[in-house]
Asks: 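Okay, handing you the structure first.
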Amino acid sequence: MVSYKTTDVEISLDKPITIVRRMPSKVNKILDCFKTTRGSERRTSIDLEKKLATWMKSYNKAIKILLLGAGESGKTTIIKQMKILHFQGFTDSERMEKAREIRGNILECIILITKQMSRLGIEIKNKQNIQSFDYLWSIDLEQDFVFTPEFFIHVKKVWDDPGTQESYDKGPSYQLPDCAKYFLDRVSQVADPDYVPSNEDILHSRKTSTDIQKIEFQMKVPKKYGSGFQNFWMFDVGGQRGERRKWIQVFDGIHTILFLVACNIYDQFLPEDPTVNRLQESINLFKDVWSSRFLQESGFIIFLNKQDLLKKKIESGVSIGNYFPDYYKHTTNLLPNSAKNPENNNNEYMRTRSFIRDLFWYAKETTPLPTARKMSFTPAFGLTHHHIQDNYLAERPKRECYWHFTTATDTKNIETVFEDVHHMIINQNLEMIGLT
């Protein structure tokens with residue numbers, strides 16, 4: 001037995017670490033005066049320990065998935081899809097809350113589009129709409145706003161103005177939210193006092209994540225893996241630069257990383273740093289996560305998201321080659337074991353999505369794997385000597401990374417993809433325990 005002793009603490013490494021404290025006799029006499037209080041506190045402590053034990057039992061049984069990615073990559077939309085797929089969707093009160101959020105999206109987008117017109121040198125085309133433009137520009141976004149019928153009338157007039165449409169077309173130059181056209185085209189519907197958002201409306205709604213969200217759900221385990229149900233805990237954290245410091249709070253015990261990439265942002269630049277391309281920022285962030293020593297045991301899946309918007313952008317004539325010149329030299333056979341399809345080289349959309357995929361594959365191949373984490377010998381860890389040996393001496397398998405092309409607002413697409421993800425996670429777990 002390996003052990004260390006001091007006057008107050010005894011630590012043994014052949015069993016979980018424990019602490020035995022010896023109090024001086026004078027202290028014990030003083031503490032006798034507080035027996036009743038101590039008894040009450042002890043009962044409270046026991047109750048908390050039981051609750052914690054119950055929580056940890058559920059925590060250890062669940063597969064924990066962490067959604068990561070840059071801002072507006074679609075992480076929160078995936079959380080919404082899990083609610084649609086594995087629960088009864090959204091409650092009436094949640095839909096009412098989302099209606100307010102959607103109206104706020106309309107206000108934010110129309111103000112942003114119209115205020116960019118002077119910077120872009122775009123004039124109001126229909127002079128009869130000047131009053132409506134002035135009305136919108138007088139709104140103070142810092143104050144709570146009451147959405148009146150008059151507001152929606154002015155929004156409809158302004159949105160229909162050709163000058164506004166011209167400004168909208170230049171949206172990538174000023175970080176216009178993806179939901180702008182979806183809701184502005186439906187402004188009359190949203191204006192109805194009895195408006196209740198559909199699932200599709202809620203999936204398109206936008207709200208910046210500034211805290212950590214968690215959703216728990218179950219999925220059926222296929223018969224070939226033993227049947228039953230598997231518990232999942234999925235975490236979503238804010239992707240903006242200022243929110244990433246919170247990520248480490250949820251790194252512990254994560255089984256799988258779902259890293260989301262907004263594939264339609266290759267022609268955009270960061271609001272925080274206009275010199276940094278947003279797709280390049282996503283690649284840089286991927287490298288940081290891939291090489292994190294806190295996530296070295298986690299499986300890795302990339303969702304190359306917003307394929308619908310990527311296709312529309314390419315069809316509008318905006319080539320990724322203007323921002324990533326290597327595209328013009330790219331062929332689709334970079335990935336090992338990938339099926340070659342000659343049509344891909346003749347289809348601009350297929351070539352572009354394959355190029356984006358290969359950018360991340362190359363980043364994975366050229367980014368060093370994390371070094372082993374050092375174990376901390378503190379009472380917070382119930383580690384045995386064998387645990388420590390296993391962590392240091394076990395040879396880590398080659399780390400894999402899986403890919404999916406996704407549209408997070410498409411429920412059927414996410415349902416199909418997540419079935420594949422479920423199978424991947426099961427196979428990863430079987431590999432870890434040597435059953436494959």
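Only heavy atoms go into these numbers, but all of them, side chains included; no hydrogens, no water, no symmetry mates.
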Asks: Any chance the side chains of Q116 and R119 put a donor and an acceptor closer than 3.5 Å?
Replies: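 Side-chain D/A pair, Q116 to R119: present.
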Asks: Please verify the inter-ring angle class for Y266 with Y323; under 30° counts as parallel, over 60° as perpendicular, anything in between as tilted.
Replies: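 The rings of Y266 and Y323 sit tilted, inter-plane angle from 30° to 60°.
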Asks: Taking it one step at a time, do H422 and F232 satisfy ring-ring contact (aromatic ring centres under 6.0 Å, His included)?
Replies: CA-CA 10 Å; H422 187 200; F232 285 86; 5.2 Å; yes
Asks: For the side chain of N305 and the backbone of A408, is there at least one donor-acceptor N/O pair under 3.5 Å apart?
Replies: yes
Asks: Is there a donor-acceptor contact under 3.5 Å linking the side chains of R95 and N199?
Replies: yes
Asks: Quick one: is the NZ or CZ of R351 closer than 6.0 Å to the six-membered ring centre of Y327, and within 45° of its axis?
Replies: yes
Asks: Which of parallel (below 30°), tilted (30 to 60°) and perpendicular (above 60°) describes F303 and H404?
Replies: perpendicular
Asks: Scan residues 88-119 for pairs that pass ring-ring contact (aromatic ring centres under 6.0 Å, His included), counting only residues two or more places apart or in two chains.
Replies: none
Asks: Can you tell me if T256 uses its side chain to pair, donor with acceptor, with the backbone of G299 under 3.5 Å?
Replies: no
Asks: Residues two or more places apart in sequence or in another chain: which of them pass ring-ring contact (aromatic ring centres under 6.0 Å, His included) with F405?
Replies: none
Asks: Can E281 and R278 be counted as an ion pair, charged N to O under 4.0 angstrom?
Replies: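 Looking at R278 together with E281, the answer is no, because their closest N to O distance does not fall below 4.0 Å.
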Asks: Assess whether salt bridge (Lys or Arg N to Asp or Glu O under 4.0 Å) is satisfied between R100 and E97, documenting all intermediate values.
Replies: CA-CA 5 Å; R100 171 79 186 180; E97 182 183 343; over 6 Å; no
Asks: Among residues at least two apart in sequence or on other chains, which ones pass side chain to side chain donor-acceptor pair (under 3.5 Å) with K313?
Replies: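 In terms of side chain to side chain donor-acceptor pair (under 3.5 Å), with neighbours along the sequence ignored, K313 is linked to D267.
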Asks: Output yes when a side-chain donor or acceptor of T367 lies under 3.5 Å from a complementary backbone atom of K287, and no otherwise.
Replies: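 No.
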Asks: May I ask you to check whether F145 and F147 place their ring centers less than 6.0 Å from one another?
Replies: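 Between F145 and F147, the centre distance is under 6.0 Å.
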Asks: Under a 3.5 Å threshold, yes or no: a donor from one side chain and an acceptor from the other, between D201 and Y195?
Replies: yes
Asks: Using the ring centroid of each side chain, check whether F355 and F360 are separated by less than 6.0 Å.
Replies: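 Ring centres of F360 and F355 not closer than 6.0 Å.
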Asks: Within the 4.5 Å heavy-atom criterion, are L359 and F324 side-chain neighbours or not?
Replies: yes
Asks: Is there a donor-acceptor contact under 3.5 Å from the side chain of D358 to the main chain of W361?
Replies: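 No.
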Asks: Among side-chain atoms of D161 and N129, is any donor-acceptor pair under 3.5 angstrom?
Replies: yes
Asks: Answer yes or no: is there a donor N or O on one side and an acceptor on the other, between the side chain of T164 and the main chain of V158, under 3.5 Å?
Replies: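 At least one qualifying donor-acceptor pair exists.
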Asks: Mark yes when over 12 heavy atoms from residues, nucleotides or ligands other than Q131 sit less than 6.0 Å from its CD; otherwise mark no.
Replies: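 Incorrect, the count does not exceed 12.
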Asks: What I want to check is whether the side chains of T406 and Q307 have a donor and an acceptor closer together than 3.5 Å.
Replies: no
Asks: Would you please indicate yes or no on a ring centroid separation below 6.0 angstrom for Y168 and W159?
Replies: yes
Asks: Is the CD atom of E123 crowded by more than 12 outside heavy atoms at less than 6.0 Å?
Replies: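 No.
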Asks: Is there a donor-acceptor pair under 3.5 Å between the side chain of H255 and the backbone N or O of K64?
Replies: yes
Asks: Between S205 and K80, is any side-chain donor less than 3.5 angstrom from a side-chain acceptor?
Replies: yes
Asks: Do S354 and H330 make a side-chain contact, defined as non-hydrogen atoms from C-beta onward lying under 4.5 Å apart?
Replies: yes
Asks: Around atom NZ of K125, are there more than 12 heavy atoms of other residues, nucleotides or ligands at under 6.0 Å?
Replies: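 Yes, NZ of K125 has more than 12 neighbouring heavy atoms, counting only those of other groups under 6.0 Å.
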Asks: Any chance CG of D92 has more than 12 other-residue heavy atoms, nucleotides or ligands included, within less than 6.0 Å?
Replies: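 Counting other residues, nucleotides and ligands, CG of D92 stays at 12 neighbours or fewer.
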Asks: Can you tell me if NZ on K83 sees more than 12 non-hydrogen neighbours from other groups inside 6.0 Å?
Replies: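 Enclosed: over 12 neighbouring heavy atoms sit under 6.0 Å from NZ of K83.
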Asks: When you compare the side chains of S93 and T91, does any donor N or O come within less than 3.5 Å of an acceptor on the partner?
Replies: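 Yes.
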Asks: Less than 3.5 Å apart, any donor N or O on the side chain of Y182 or N105 sitting next to an acceptor on the other?
Replies: no
